[in-house]
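Have a look at the structure below before the remarks.
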Amino acid sequence: MKVLIIEDDREIVEVISLAFEIRWPDAKLVSTHLGEKGLEMVESENPDVVILDLGLPDASGFDVLKELRAFSDVPILILTVRSEEADIVKGLEWGADDYMLKPFRQLELLSRIRALTRRGGSLDRETPLACGELRFDPSARQLFYGQREISLTRTEGTILHQLMRNAGQVVTHSALAKAIWGEDYPGATDSIRVYIRRLREKIEADPEQPQIILTKTSLGYLLPKPD
Ligand code: CA
């Protein structure tokens with residue numbers, strides 16, 4: 001297990017290193033404060049997961065993300081002080097798998113990293129699902145909707161997989177959090193809302209008037225069964 005941290009705040013790198021040392025001593029950590037160097041290290045170090053800061057001295061984290069996705073499928077977790085939803089959605093849109101806002105809880109960060117490195121594997125073993133016009137191949141994270149082919153991130157794939165498997169039933173916020181991160185967190189509902197919004201933008205004709213992924217206020221989400 002190898003983690004690449006692309007982050008220019010030395011204190012944060014130290015906090016993450018210490019958390020891993022205590023809770024996950026087998027993991028090997030490598031880090032750089034530069035985006036360009038980070039891209040090189042994804043190739044040379046072949047990490048299992050990347051923690052990416054959006055504000056770097058030599059490059060925008062968004063550009064690093066975009067370049068990284070051009071050649072690598074490694075799970076990426078954005079760690080950022082930017083709390084604006086638009087930035088987070090942009091990060092997810094450009095291929096990040098998860099995000100956390102600074103300041104963060106160390107245990108939650110470790111759990112999310114663990115979930116990201118494990119989850120790719122768990123979806124890989126799942127067989128394709130169909131529901132109405134939706135067909136989803138979890139291992140390729142490829143969604144077919146009518147004639148359209150839509151690529152999903154790991155997190156989006158995990159959510160859609162849960163909704164399709166339970167079509168016709170409400171999937172609770174808590175059940176979705178457990179499927180995504182292995183446990184339910186304070187604030188998980190807010191994160192899930194961001195992912196659902198992104199999924200709707202990819203799938204729904206009008207994301208403001210969703211017909212495919214329905215909100216069950218204060219409960220969770222529902223994919224209606226086709227007639
Ligand atoms: Ca920074």
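Start at 1 and go down the list; that is how both ligands and their atoms are numbered. Throughout, numbering of the chain's residues begins at 1 and tracks the sequence.
Nearest to the Ca ion (ligand 1), among the N, O or S atoms that Asp53 has, is OD2.
Side-chain contact check for Thr155 and Asp98: no donor-acceptor pair (N or O, by modelled atom type) lies under 3.5 Å.
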Intermediate values then yes/no, side chain to side chain donor-acceptor pair (under 3.5 Å), Tyr185 and Ser191: CA-CA 10 Å; Tyr185 291 110; Ser191 299; over 6 Å; no

side-chain contact (heavy atoms from CB on, under 4.5 Å) evaluation trace for Leu176 with Thr189: CA-CA 9 Å; Leu176 283 173; Thr189 301; over 6 Å; no

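Shown here is Lys66, whose NZ atom has no more than 12 heavy atoms of other residues, nucleotides or ligands within 6.0 Å.
Within the coordination shell of the Ca ion (ligand 1), defined by N, O or S atoms under 3.0 Å, Gly55 is present. At least one N, O or S atom of Asp8 sits under 3.0 Å from the Ca ion (ligand 1).
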